[in-house]
Structures are given as C-alpha cells and as structure tokens.
Amino acid sequence: MTESRFARITLRIMTIAVLVFIYTPLVLVVVYAFNPTIAQTWPPSGFTLKWFEAAFGNEDVVNAFISSIIAATLATTVALVLGTLAAIAVQRYSFFGRESISLLLLLPIALPGVVTGIALAATFQTFGVRFGLPTVILGHATFCVVMVYNNVLARQRRTPRTWEEASADLGADTWVTFRRVTLPVMRTALLAGGLLAFALSFDEVIVTNFTAGPATQTIPLFIFHTIQRPNLLPVVNVVAFVLVLLSVIPVYIAQRISGEAAGVAR
C-alpha cells in the first residue's frame, strides 16, 4: 500500500510536533543551566558555567548523588537476582497459577507510584523498620524486578531448550549448564534489564519520598525539595541536566543491546 504525498507530509509534521512537545521542557532546562542570572527569562542574558561549579561544590548535591548511585546499584543487583530466578521459573516449569504469578510480577510497574509508596511505608512501619537508604533500596527493587523479568523472560522464550539438553547429554550438571550455556545466552538480556532498572531507580522520586525518611536524600528528592527556593534554582537546573544525561545513557545502551540481540535471535 502506497501513501499519498499529503499523508507523508502530515505524518512528518505530526512526528516533529510530538517531539517538540516532549523535548522542549528538557531543552529549556539545559539552556537555563548555562544562564548567568537566577531569573529564568527568555532569551537568556548570556552564558556561564558558574552554576556547575556551585552544584558540584554543594555538599548536599554530592551526598544526594552518592545516595542515588548506591540505591540504584543495590536495587538493580537485587532485581537481577530475583527477576532472573522468577523468569526462569515461569518460563521453564508448568505449575498451578503460573499465569497469575506472571501478572503479579508485572503489576508493580503498572501501579501508581503513590500507591506503591504508601504500601511500602505502611509495611515498614508495621514491622518497625527504620526508614533510610535500605528501605529506599527495597522499595526500588520492587519495580526494578519487572525490568529484568521482562528482558530475561523474552530471551528465554526465544532460546531453544535443545542447547541445554545437549549440554546435559554431554555430561554437564545443572550448574555447569547454567554457567556455560544459559548465562551466556541471557547475558545481553541481563545487561539491558540491569541498565533499564538502574535508570528507573536513579531518577525515582515518588516511592523514594515515602521510603527515604528525613535523614536520607537522593538526587530526585534534592530537586523536589529545592525547586521552590529561587536562589538555588540554577543549581537545580544543573542537577536536572546532569540527571537527564545519566538517565539517557543507560536507556540508550540498553536499547542498542536489546535491538542487536533481537537481530541475532532472528
């Protein structure tokens, strides 16, 4: 089916309009990060890097950045272990309620963040768990598991079981087969899922706000609590700019890995 010239032009215009609608706020944040004045006026009055120096020299920003890195790294680690085990169990074994379990594993990413945050906060309070970085990590892991689970499950469905059966026929036990056959096949899926989980955890604010407690602050919480202070607004713009970069990189790498792996599988 061929498209008319009018249809092609219309689709291009609509595509550009959607991209402008999505990315104009991000472009403004980047521009204001280099604006020499505190006031966010357009057009900018000049160009400066002083706000970057102020942001990187701010102890609260540095501590929040370290907390975000630790939380995202450990939440991703937990998600890699639990998500991989769950995907292997759901894909390879038939048992009562398997489809329901698969749905329950996917549900945390679909629930509103405020609902997840309230539920986690109530659970921690019920069991007397003190709020802090460990509760943030556990809270993030609940939805990061979904990213790993989806990637590993998709890879498992595209991988023939004959490879593992051949390994068993050659005398390899379960652990050797997993290490030599299963894990290499899942490697790109694990990497892609881990990168997506890290990006999701690093910039999460809603669940973090309910589980962090007063003494713990991550980069998203720093932005959330500081954005209403006009004298620190340029610093917030710089932090937001850096946060965008750190979020885009793992998502881009994960997309490239997933795309290349899918091409190989086909």
(request) List in chain and number order the residues that pass side chain to side chain donor-acceptor pair (under 3.5 Å) with Tyr149, two or more places apart in sequence or in another chain; answer none if no residue qualifies. (result)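 For Tyr149 the side chain to side chain donor-acceptor pair (under 3.5 Å) partners, ignoring immediate neighbours, are Ser102.
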(message) I'd like to check the side-chain contact (heavy atoms from CB on, under 4.5 Å) partners of Val31; sequence neighbours left out, ordered by chain and number.
(response)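 Val31 satisfies side-chain contact (heavy atoms from CB on, under 4.5 Å) with Val27, Trp42, Pro44 only.
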Rounded distance [0.5 Å steps], [atom1] in [X] versus [atom2] in [Y]:
{"X": "Phe224", "Y": "Thr218", "atom1": "CZ", "atom2": "OG1", "value": "11.0 Å"}
{"X": "His140", "Y": "Thr76", "atom1": "NE2", "atom2": "OG1", "value": "10.0 Å"}
{"X": "Leu221", "Y": "Glu204", "atom1": "CG", "atom2": "CD", "value": "9.0 Å"}
{"X": "Leu133", "Y": "Leu138", "atom1": "CG", "atom2": "CG", "value": "10.0 Å"}
{"X": "Thr216", "Y": "Phe131", "atom1": "OG1", "atom2": "CZ", "value": "11.0 Å"}
{"X": "Asn150", "Y": "Arg155", "atom1": "CG", "atom2": "CZ", "value": "13.0 Å"}

(message) Students often mix this up, so state it plainly: with edges at 30° and 60°, are the rings of Phe34 and Phe52 parallel, tilted or perpendicular?
(response) tilted
(message) If hydrophobic clusters are built from ILVMFWY residues whose side chains come within less than 4.5 Å, do Val18 and Tyr23 share one?
(response)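 Yes; tracing contacts between hydrophobic side chains, which count when under 4.5 Å, links both residues.
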Taking all heavy atoms of [X] and all of [Y], pick out the closest pair and write down the distance.
{"X": "Thr48", "Y": "Pro36", "answer": "CG2-CA, 3.3 Å"}
{"X": "Leu190", "Y": "Leu80", "answer": "O-CD2, 3.5 Å"}
{"X": "Ala240", "Y": "Val29", "answer": "CB-CG1, 3.8 Å"}
{"X": "Cys144", "Y": "Ala197", "answer": "SG-O, 3.4 Å"}
{"X": "Ala141", "Y": "Val78", "answer": "CB-CG1, 3.9 Å"}
{"X": "Pro220", "Y": "Phe202", "answer": "CG-O, 3.4 Å"}

(message) With heavy-atom distances below 4.5 Å as the criterion, would you say the side chains of Asn151 and Leu196 are in contact?
(response) yes
